[in-house]
Undergrad: 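The structure under discussion is supplied below as structure tokens; questions concerning it will follow.
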Amino acid sequence: MKYWLFKSEPNSYSIDDLKKDKKTHWDGIRNYQARNFIRDEMKKGDLVLFYHSNAEPNAVVGVCEIVKEAYPDHTAFDPDSKYYDPKSKKDNPAWMMIDLKYKKKFKNPVELSTIKDNPKLKDMRLVQRGNRLSVFPIEKKEFNEILKMSGE
DNA sequence: GCCAACGTTGGC
DNA sequence: GCCAACGTTGGC
């Protein structure tokens with residue numbers, strides 16, 4: 001089993017939206033490295049930290065779980081979608097998505113600033129310079145450390 | 001709002 | 001195949 005971190009801007013989709021929806025499909029990934037993680041490595045049962053970016057404050061705000069493994073991202077086929085990509089064909093989809101289930105929202109979000117201050121988390125991609133991936137793997141010990149910092 | 005970082009595009 | 005231009009991400 002693997003552990004992941006997903007970034008989302010709360011004004012487009014927040015942990016509260018996921019809590020309300022209970023489950024969602026993670027569409028709109030249009031980066032090949034992220035796509036490869038989704039397609040090749042994410043498995044049902046993997047746990048995901050949900051992170052708010054461009055937020056006040058930026059923070060890990062909860063946990064969710066992968067409940068469906070990679071399948072074609074249908075928004076790439078839809079000319080009306082902002083994620084439309086004519087290069088993605090139905091018989092050879094370029095982009096994939098997974099389904100996520102809500103698990104918990106932290107009472108105390110773990111802020112980016114405190115993550116940066118924790119030497120145990122210095123190797124996380126989240127705090128590395130220039131990291132722009134919106135989904136990426138994290139270590140089990142990093143996942144557990146964030147949980148510990150949240151007090152959950 | 002600024003800007004550094006970095007992925008993608010397209011001309012050559 | 002190189003690389004400049006451009007667009008996007010995301011912290012500050």
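Side chains are part of it too, since the values below use all heavy atoms of this structure and drop only hydrogens, waters and symmetry mates. Letters go in sequence order (proteins before strands), and every chain restarts at 1.
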Undergrad: Can you tell me the distance, in whole Å, between the CG atom of Asn54(A) and the C1' atom of dG1(B)?
TA: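 Distance check: Asn54(A) CG to dG1(B) C1' gives 12 Å.
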Undergrad: What's the closest nucleotide to the side chain of Arg132(A) if the choices are dC12(C), dT8(C), dG10(C)?
TA: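 Looking only at heavy atoms from C-beta outward on Arg132(A), the closest nucleotide is dT8(C).
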Undergrad: Could you report the tightest heavy-atom contact between Glu69(A) and Lys43(A), atom names first, then the distance?
TA: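 Looking at all heavy atoms of both residues, the shortest contact is OE2-CA, 3.4 Å.
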Undergrad: Which whole-number value in Å describes the distance from Arg129(A) CZ to dC12(C) P?
TA: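 Computing the Arg129(A):CZ to dC12(C):P distance gives 14 Å.
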Undergrad: Between dT9(B), dG11(C), dG7(B), which nucleotide gets closest to the side-chain atoms of Lys87(A)?
TA: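 So the side chain of Lys87(A) is nearest to dT9(B).
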Undergrad: Grab the CZ-C1' distance between Phe136(A) and dG10(C) for me, whole Å please.
TA: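 After rounding, the reported distance stands at 12 Å.
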Undergrad: Which whole-number value in Å describes the distance from Asp85(A) CG to dG7(B) P?
TA: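 Rounding to the nearest Å, CG of Asp85(A) and P of dG7(B) are 18 Å apart.
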Undergrad: Could you tell me how far apart Leu133(A) (CG) and dT9(C) (C1') are, to the nearest whole angstrom?
TA: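 Value for this atom pair: 11 Å.
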Undergrad: In this structure, how many angstroms lie between the P atom of dT9(C) and the CG atom of Leu126(A), rounded?
TA: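 These atoms are roughly 17 Å apart.
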Undergrad: Given dG11(C), dT8(B), dA5(B), which nucleotide is nearest the side-chain atoms of Tyr32(A)?
TA: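 Closest of the options to the side chain of Tyr32(A): dT8(B).
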Undergrad: Using a cut-off of strictly less than 4.0 Å, decide whether Asn31(A) has a side-chain nitrogen or oxygen near OP1 or OP2 of dG7(B).
TA: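 For dG7(B), OP1/OP2 do not have a side-chain N/O of Asn31(A) under 4.0 Å.
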Undergrad: Which nucleotide sits closest to the side chain of Lys7(A): dT9(B), dG10(C), dG7(B)?
TA: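 For the Lys7(A) side chain, the nearest candidate turns out to be dG10(C).
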Undergrad: Kindly indicate whether the side chain of Leu18(A), heavy atoms from C-beta on, has any atom under 4.5 Å from the side chain of Lys23(A).
TA: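 The answer is no, as the side chains (C-beta and beyond) never meet within the 4.5 Å cut-off.
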Undergrad: Given the ring of Phe106(A), does Lys104(A) sit roughly above its face, with NZ or CZ under 6.0 Å from the centre of the six-membered ring and within 45° of the axis?
TA: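 No - Lys104(A) does not lie over the ring of Phe106(A) by the 6.0 Å and 45° rule.
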Undergrad: What's the shortest heavy-atom distance between Asn118(A) and Glu145(A), and which atoms?
TA: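 Asn118(A) and Glu145(A) have their closest heavy atoms at ND2-OE2, 2.9 Å.
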Undergrad: Grab the NZ-C1' distance between Lys82(A) and dT8(C) for me, whole Å please.
TA: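 Spelled out: NZ on Lys82(A) to C1' on dT8(C) is 12 Å.
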Undergrad: Take the protein atom CZ of Arg125(A) and the nucleotide atom P of dT9(C), then report the distance between them rounded to whole Å.
TA: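 Going from CZ in Arg125(A) over to P in dT9(C) covers 18 Å.
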